[in-house]
Amino acid sequence: MNKIISLKVKSAHIKSLRAGVPLIKKEAIVNHNDVKVEGTIIELVDEKNKFLAKGYYGKQNKGIGWVLSREQKEVIDQPFFEKKLKTALENRRSLFNANDTTAFRVFNGEGDGIGGFTIDYFDGYYLISWYSEGIYCFKDYVLKSLSNLVDYKGLYEKKRFAEKGTYIEDDDFIGGERAEFPLIVKENGINFAIYLNESAMVGVFLDQRDVRKTIRDKYSKGKRVLNTFSYTGAFSVAAALGGAIKTTSVDLANRSKSKTIEQFSVNGIDYESHDIIVEDVFNYFKYAVRTKATFDMVILDPPSFARSKKNTFSAGKDYPDLLEKAITITEKDGIIVASSNCSTFGMEKFKSFIEKAFDQTGDKYKVLEEFGLPRDFKTIKEFKEGNYLKVVFIQKIT
Ligand code: SAH
């Protein structure tokens with residue numbers, strides 16, 4: 001291990017650090033140039049060199065490291081990692097015991113006490129995602145802890161710390177037995193085909209579990225559903241299983257078509273009775289308006305930021321316009337499921353986008369239900385940005 005480096009926190013940032021904020025930001029540190037080696041253990045001190053917290057240095061899009069402990073004597077070693085992981089695994093006991101769900105998050109970074117990495121469970125296989133080179137230095141601690149705590153079939157990893165936080169293409173297999181892909185997992189009885197060794201995205205976003213269940217159980221029977229930014233069509237599958245007459249999935253990625261066909265097929269649904277369209281959502285909206293197509297439910301789950309040939313979408317700026325387009329093609333009494341994973345705004349702001357959009361179209365609406373992250377995506381109140389997911393079920397009244 002490298003020697004511990006002491007970093008001085010600027011006085012304006014001491015209060016929030018003391019209040020429990022775990023992210024270490026560059027602008028909060030006087031001598032941030034003193035630390036250069038990823039994975040270095042750092043001690044944060046005030047202007048009188050009084051100990052505040054200890055953590056590690058690891059550059060991520062949002063900061064330069066994470067606080068790991070507020071005890072000066074606590075040693076950041078393998079048992080430290082194992083203790084955090086053990087608690088996290090115990091917190092997911094009910095999910096491990098559920099027989100209709102075999103995919104969920106078991107470790108959620110700072111929410112479980114160590115920022116910078118997550119672990120997801122896929123029917124006996126564990127997928128570790130590393131968000132900085134710094135945390136990757138602790139890989140052996142994490143692997144040893146997992147080996148001590150669980151009987152895994154195999155381990156995979158995603159190195160998500162290339163420039164701009166993108167994914168480093170590699171063989172992601174790191175231990176145990178290789179899985180056969182697609183790996184079929186279950187979520188509240190819905191099957192999903194998973195690929196742990198293809199790209200940063202594995203086929204399903206686990207944080208939408210409760211939303212998919214709600215769509216299936218409460219809103220789909222007899223409905224015509226439009227699923228925009230549909231990726232592998234997970235919401236469409238949930239709607240179809242809930243009795244939707246027809247779903248229309250729209251995504252501009254070519255791969256989305258075969259991936260969506262696969263998700264329908266592993267659930268025994270005839271994909272030919274559903275529309276799967278590879279197109280820019282913004283073009284599709286124009287087409288729908290032109291042909292007077294309407295839907296009983298429109299699902300909006302765009303990325304925070306996306307650039308296509310003709311359109312740039314930035315959730316913080318363009319979400320009201322996106323909603324406006326959805327409102328136009330939603331039937332009276334129909335439902336819009338508006339979702340955003342953008343961490344730069346919270347639920348309150350998101351609801352103001354909804355109000356703005358309905359103001360613009362002159363329609364009335366009612367919020368029926370709201371969702372944030374499910375419990376396995378554990379967050380802490382001291383780090384609001386970690387609680388990024390916002391999903392609102394809206395009914396268009398007039
Ligand atoms: N709703 C999905 C996840 C969406 S991920 C789910 O629940 O699984 C974001 C998706 O948006 C990606 O598949 C990407 O290809 C797609 N996308 C980005 N910009 C788009 C655009 N302008 N038109 C259509 N799809 C777009």
Side-chain angles (χ1 to χ4, degrees), residues 103-105 120 122 160 166-167 182 185 187-188 190-195 198-216 219-220 225-242 244 247-264 266-267 274-288 297-319 321-323 325-326 329 336-343 371 373-374 377 388-393:
F104 46 89
R105 178 149 293 187
D120 294 323
F122 295 96
R160 306 188 64 158
T166 48
Y167 162 74
V185 300
E187 179 196 91
N188 294 309
I190 307 177
N191 292 329
F192 286 115
I194 299 294
Y195 294 82
E198 257 181 23
S199 74
M201 304 201 286
V202 300
V204 67
F205 289 98
L206 297 175
D207 54 1
Q208 297 278 14
R209 180 174 59 245
D210 297 342
V211 178
R212 282 188 285 267
K213 180 171 169 20
T214 303
I215 286 175
R216 180 190 64 186
Y219 293 98
S220 298
V225 179
L226 173 65
N227 180 13
T228 63
F229 305 95
S230 56
Y231 180 44
T232 63
F235 286 131
S236 308
V237 169
L241 290 173
T247 67
T248 302
S249 306
V250 182
D251 195 296
L252 59 65
N254 279 325
R255 57 153 203 260
S256 68
K257 182 150 187 165
S258 56
K259 293 279 183 193
T260 302
I261 289 175
E262 181 176 43
Q263 301 297 19
F264 275 123
V266 298
N267 285 283
H274 295 269
D275 283 344
I276 304 166
I277 301 172
V278 176
E279 199 185 353
D280 190 317
V281 162
F282 299 98
N283 286 345
Y284 183 79
F285 278 123
K286 283 187 205 145
Y287 163 82
M297 175 151 68
V298 176
I299 300 165
L300 301 173
D301 183 29
S304 301
F305 186 82
R307 182 173 284 143
S308 61
K309 277 190 201 118
K310 287 205 190 120
N311 297 290
T312 304
F313 176 84
S314 165
K317 194 162 65 61
D318 303 319
Y319 213 108
D321 287 347
L322 176 66
L323 273 163
K325 293 183 171 77
I329 61 167
I336 296 171
V337 181
S339 169
S340 179
N341 60 5
C342 185
S343 61
F371 291 84
L373 287 171
F377 282 67
Y388 57 85
L389 188 67
K390 301 156 283 289
V391 185
V392 183
F393 283 63

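Indexing begins at 1, ligand by ligand and atom by atom, following the structure's order. Heavy-atom basis, side chains included; hydrogens, waters and symmetry copies ignored.
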Q: Starting from the C-alpha separation in whole Å, work towards a yes-or-no answer on side chain to side chain donor-acceptor pair (under 3.5 Å) for S236 and S249.
A: CA-CA 7 Å; S236 308; S249 306; 2.6 Å; yes
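- Ring pair F282/F229 is perpendicular by interplanar angle, where above 60° counts as perpendicular and below 30° as parallel.
- The number of heavy-atom neighbours closer than 6.0 Å to OH of Y287, taken from other residues, nucleotides and ligands shown, is 12 or below.
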Report each N/O pair between ligand 1 and the protein that falls under 3.5 Å, naming both atoms.
{"residue": "ligand 1", "atom": "1 (N)", "partner": "F229", "partner atom": "O", "Å": "3.0"}
{"residue": "ligand 1", "atom": "1 (N)", "partner": "D301", "partner atom": "OD2", "Å": "2.8"}
{"residue": "ligand 1", "atom": "13 (O)", "partner": "D251", "partner atom": "OD1", "Å": "3.4"}
{"residue": "ligand 1", "atom": "13 (O)", "partner": "D251", "partner atom": "OD2", "Å": "2.6"}
{"residue": "ligand 1", "atom": "15 (O)", "partner": "D251", "partner atom": "OD1", "Å": "2.7"}
{"residue": "ligand 1", "atom": "22 (N)", "partner": "D280", "partner atom": "OD1", "Å": "3.2"}
{"residue": "ligand 1", "atom": "23 (N)", "partner": "V281", "partner atom": "N", "Å": "2.8"}
{"residue": "ligand 1", "atom": "25 (N)", "partner": "L252", "partner atom": "N", "Å": "3.2"}

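- Under the salt bridge (charged side-chain N to carboxylate O under 4.0 Å, His left out) criterion, D280 pairs with no residue, sequence neighbours left out.
- Remark: K259 engages E198 in a salt bridge (charged side-chain N to carboxylate O under 4.0 Å, His left out) (not counting sequence neighbours).
- Take Y195 and apply the side-chain hydrogen bond (donor to acceptor under 3.5 Å, both in side chains) test, not counting sequence neighbours, and it matches E262.
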